[in-house]
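Numbers restart at 1 for each chain; the letters A, B, ... are given by sequence-line order, proteins then strands.
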Amino acid sequence: MRHASPPQELPAAGGEIQAALAPATASSARAGARRGGGGGSFTALLGLPTSQAIELLLPARRRRPPQPPSPSPSPAAAPAPAFLRPAPRGPRRALLHGKAAKKGKTAEEKPAGGDGDGEKPAYVHVRARRGQATDSHSLAERARREKINARMELLKELVPGCSKVSGTALVLDEIINHVQSLQRQVEYLSMRLAAVNPRVDFGGLDSFLTTECGRIAGFNCKNGIDLEQVTWPEMGVHGARQLMQLQQQFWHGDLAHPHQVASQWEKRGDGHPPVFSNSNPSLFGYDLTSSGKSFTQSYIFLTEFSCLSLTSHISAWLGPRLLSLTLSCQHSLEKKMYR
Amino acid sequence: MAAFKQDLFRNLLLGLRARTTEAACPFDAMSLQERKRAIKCSADVAMAAARRGVAGAAIGGRARWPKAILAAAAASSSSHSPGGTCKVRKSACCKRRVARRRVDAKRTIRGYAAAASCDVARRLVRRRTMALRKVIPGGSAAAMDEAALLRETMDYVVHLRAQVDVLRAVSAAVQRSTFLGYIFVLHFVDPMKD
């Protein structure tokens with residue numbers, strides 16, 4: 001109808017973008033949820049192809065020009081009286097809304113160069129607002145500003161704690177802090193990984209690469225034990241031989257040379273056993289307070305070898321009793337500690 | 001996103017293995033700091049490679065940060081002289097800082113009349129934008145406008161979060177495996193000891 005299209009023109013351009021973005025992001029969020037994407041609508045937005053994403057960022061502009069010609073063929077068929085027939089839309093719109101309408105000037109322009117090379121130049125229809133200059137420079141400027149504001153909105157939604165803050169400088173501050181904290185987290189986690197396994201058996205990790213189901217299981221469930229339950233049975237083959245060597249050396253080292261272990265620590269050049277205190281402080285608390293020296297040294301000796309291959313054999317041996325066994329072991333361990 | 005994480009994990013393992021077998025230094029001969037740096041570097045390279053490989057086809061692949069990360073890693077591994085590049089960067093930063101001080105001195109000499117609120121805001125925004133460029137890899141290299149920089153930031157934040165998740169899961173799994181190793185020992189040793 002005649003009154004259907006005009007309400008779309010009246011809201012301001014920024015509001016249009018947001019209004020178009022909101023249902024668009026809702027639909028894309030649904031699509032993203034179906035795909036199993038990450039949190040929020042932005043990642044769903046990222047999942048769309050480029051042209052669609054651009055369309056969402058600068059949405060309502062393109063839809064308007066195709067609309068006017070569409071209703072015109074239909075009344076030609078209907079035997080409507082002349083005054084009801086929707087005449088060419090431009091002058092009628094101006095008649096209806098007069099001063100309240102915006103100036104009916106549309107300008108076509110190419111988007112700013114930052115949109116990338118491989119895309120065909122998309123024409124952006126920008127409507128000049130009332131009382132504003134209509135030359136191409138200010139229109140380009142306004143389009144650029146709107147693009148930047150749209151992206152700032154998306155970033156605000158992406159970075160937690162940014163929606164309350166108003167103003168570009170503070171939002172940028174929050175974004176910088178967030179990125180720096182993420183980078184620091186990466187450093188901390190890599191330090192932790194470097195500390196926990198001084199020696200990684202990469203032969204045993206081949207099974208990680210070949211079994212992708214283990215990875216999916218590890219990421220889809222919060223409980224990380226599932227990851228190990230799926231992947232370890234394959235590694236049992238690698239770990240069995242190493243475990244035999246381990247056991248032999250273990251008993252020899254335990255009975256014959258309690259002091260060699262300490263020297264091995266120094267040889268490795270790490271300096272201090274607190275490297276492992278990061279991973280298991282409780283066990284080394286026990287280490288310090290107990291009198292059974294060889295017991296703790298056997299612990300240290302064991303960690304010299306690759307833990308992953310060892311645990312592969314454990315899992316093959318334990319089987320489905322994993323969870324209950326760890327719990328009972330934890331209980332016995334605590335009992336030993338506090339004796 | 002799950003596909004990206006899988007690729008990241010696979011690349012991380014491949015990179016670590018390549019680093020320890022091909023390079024002259026095995027994993028346990030390195031110090032803690034070196035290990036940490038090796039893991040972090042291979043994690044970043046893995047993230048960049050995964051972004052280019054899988055997600056590049058789907059999303060549009062217009063991100064510039066993967067290229068920057070890979071270029072930096074290749075440069076550092078080939079030259080093995082990070083001191084030289086650092087010096088170059090430091091001199092550039094010093095020049096920029098000196099120039100800015102001169103400009104600011106001129107402004108204060110002219111008086112506070114020009115310090116309108118919008119100017120202050122614009123200056124703050126400009127400063128923040130430059131800081132953001134320094135943080136995002138590849139931001140200071142190319143002459144990107146604000147819109148492209150914001151898009152790079154969005155992309156980088158999403159993939160950085162995925163990297164953190166992957167690393168956290170891996171470290172938790174390895175930690176749990178070492179803990180279970182201790183449990184195993186406890187079971188075997190206990191009846192014999194006491």
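- Taken from CD in B:Gln175 to CG in A:Leu193, the straight-line distance is 9.5 Å, to the nearest 0.5 Å.
- For the atom pair CG (A:Leu154) and CG (B:Leu150), the distance works out to 10.0 Å, reported to the nearest 0.5 Å.
- When atom types are taken as modelled, the side chain of A:Arg151 and the backbone of B:Arg151 share no donor-acceptor pair closer than 3.5 angstrom.
- Residues A:His178 and B:Arg161 meet the side-chain proximity criterion, which asks for heavy atoms closer than 4.5 Å.
- Looking at A:Val171, neither its backbone nor its side chain comes within 4.5 Å of chain B, counting heavy atoms on both sides.
- A:Thr168 contributes atom OG1, which lies 11.5 Å from atom CZ of B:Arg122 (distance to the nearest 0.5 angstrom).
- Here A:Glu187 pairs with B:Lys36 under the side-chain hydrogen bond (donor to acceptor under 3.5 Å, both in side chains) rule; sequence neighbours left out.
- Heavy atoms only, all atoms of each residue included: A:Leu189 and B:Val164 are closest at CD1-O, 3.6 Å.
- Side-chain contact check for B:Tyr156 versus A:Gln183: some heavy-atom pair is nearer than 4.5 Å.
- One finds the CD1 atom of B:Ile39 at 12.0 Å from the CZ atom of A:Arg192 (value rounded to the nearest 0.5 Å).
- Here the CD1 atom belonging to A:Ile176 is positioned 7.5 Å from the OG1 atom belonging to B:Thr129, to the nearest 0.5 angstrom.
- Taken to the nearest 0.5 Å, the CG atom of A:Leu155 stands 5.5 Å off from the CE atom of B:Met154.
- In this structure, B:Leu160 and A:Gln185 have side chains that are not in contact, with every pair of non-hydrogen atoms separated by 4.5 Å or more.
- For residues 166-185 of chain A, the salt bridge (charged side-chain N to carboxylate O under 4.0 Å, His left out) pairs, not counting sequence neighbours, are A:Asp173-B:Arg128.
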